[in-house]
Amino acid sequence: MAYWLFKSEPGTWSWDDHVEHGKKGQEWDGVRNFQARNHMRAMKKGDNGFFYHSGEDKAIVGVVEVSAEAHPDSTDTKWECVDLVAIEPLARPVSLAEIKADPALENMVLARNPRLSVQPVTDVEWKRVLKIAEAKA
DNA sequence: GCCAACGTTGGC
DNA sequence: GCCAACGTTGGC
């Protein structure tokens with residue numbers, strides 16, 4: 001099982017928007033970046049990911065699951081996307097500042113390159129973020 | 001194939 | 001609202 005992180009502006013597409021789509025899944029469309037696309041191609045059905053809000057929130061807010069592997073983006077078939085289902089919100093959002101302040105997470109892609117819209121997350125980082133959320137909930 | 005210019009993103 | 005960083009594009 002691999003872990004990922006999906007970044008979105010809440011004004012454009014928020015966690016709440018995603019939850020409303022329920023269990024049928026939702027295309028993670030609009031990605032126009034080669035690195036991000038490569039990460040999506042590597043995803044397998046059942047992989048988990050974090051949902052991160054950029055802009056005002058700057059925090060990881062929820063957990064999603066890959067419900068369909070990479071396929072052409074219906075908004076632009078030259079690109080590809082995966083489908084995601086919202087699983088559950090974190091016990092409490094974990095902010096970018098907290099991630100940067102945690103020595104165990106300082107090498108997270110999110111801290112080093114916040115502009116990449118789809119990122120890999122290691123097992124260690126995944127567990128650490130969940131622990132922080134639960135510890136301070 | 002390289003490199004400069006440009007546009008976009010996102011944190012501050 | 002500003003500025004720095006990054007990725008992409010296009011000219012050579």
Side-chain angles (χ1 to χ4, degrees):
Chain A
M1 158 96 73
Y3 299 107
W4 309 94
L5 181 142
F6 300 88
K7 195 166 59 58
S8 180
E9 281 270 2
T12 306
W13 183 257
S14 72
W15 168 254
D16 288 341
D17 291 328
H18 211 103
V19 169
E20 283 178 20
H21 281 255
K23 295 192 185 338
K24 64 184 186 323
Q26 166 65 37
E27 275 193 339
W28 193 258
D29 58 25
V31 173
R32 302 292 180 266
N33 174 286
F34 294 114
Q35 273 181 270
R37 190 195 60 187
N38 288 341
H39 290 317
M40 290 197 291
R41 283 179 171 175
M43 291 177 194
K44 298 279 189 257
K45 187 175 164 65
D47 280 356
N48 283 155
F50 286 132
F51 195 111
Y52 174 79
H53 277 173
S54 61
E56 286 301 303
D57 280 9
K58 291 191 288 294
I60 294 171
V61 293
V63 174
V64 295
E65 180 178 321
V66 176
S67 61
E69 294 175 16
H71 58 84
D73 182 335
S74 64
T75 65
D76 183 346
T77 53
K78 292 190 298 295
W79 290 86
E80 291 172 49
C81 64
V82 293
D83 288 6
L84 300 177
V85 180
I87 302 298
E88 60 179 359
L90 289 193
R92 179 188 67 89
V94 176
S95 72
L96 180 61
E98 287 175 283
I99 289 164
K100 285 185 169 175
D102 190 322
L105 297 175
E106 65 184 0
N107 287 327
M108 251 186 107
V109 181
L110 187 64
R112 303 186 133 197
N113 182 10
R115 298 189 49 196
L116 183 59
S117 56
V118 178
Q119 314 179 353
V121 174
T122 67
D123 286 12
V124 173
E125 290 160 354
W126 180 266
K127 288 176 185 139
R128 180 71 188 159
V129 170
L130 291 178
K131 196 174 175 184
I132 291 172
E134 286 161 12
K136 295 186 182 172

Quickly work out the Tyr52(A) OH to dT9(B) P distance and round it to whole Å.
-> 15 Å

For the base of dT8(C), is there a side-chain donor-acceptor partner from Arg32(A) under 3.5 Å away?
-> no

Interatomic distance, Asp57(A) CG vs dG11(B) P [rounded to whole Å] = 11 Å

Figure out the CG/C1' separation between Asn113(A) and dA4(C), and round it to whole Å.
-> 13 Å

Taking 4.0 angstrom as the limit, do Arg37(A) and Asp73(A) come out as a salt bridge?
-> no

Phe50(A): which of Trp15(A), Phe6(A), Trp126(A) passes ring pair (Phe, Tyr, Trp, His ring centres under 6.0 Å) = Trp126(A)

dT9(B) OP1/OP2 closer than 4.0 Å to side-chain N/O of Lys58(A) | no

Parallel, tilted or perpendicular, as decided by the 30° and 60° cut-offs, for the rings of Phe51(A) and His53(A) | perpendicular

Spacing between Ile99(A) atom CD1 and dG11(B) atom P, to the nearest angstrom = 11 Å

Among the candidates dT8(C), dC12(B), dC6(C), find the nucleotide nearest to the side-chain atoms of Leu96(A).
-> dC12(B)

Report yes if the side chains of Trp28(A) and Val118(A) come closer than 4.5 Å at any heavy-atom pair, otherwise no.
-> yes

Using atom NZ of Lys78(A) as one end and atom P of dT8(C) as the other, report the distance to the nearest whole Å.
-> 15 Å

Taken to the nearest whole Å, CG/Leu116(A) to C1'/dT8(C) is 14 Å

Length of the line joining Leu110(A):CG and dT9(B):P, which is rounded to integer Å | 17 Å

Could you tell me the separation between the CZ atom of Arg115(A) and the C1' atom of dC3(C), rounded to a whole number of Å?
-> 12 Å

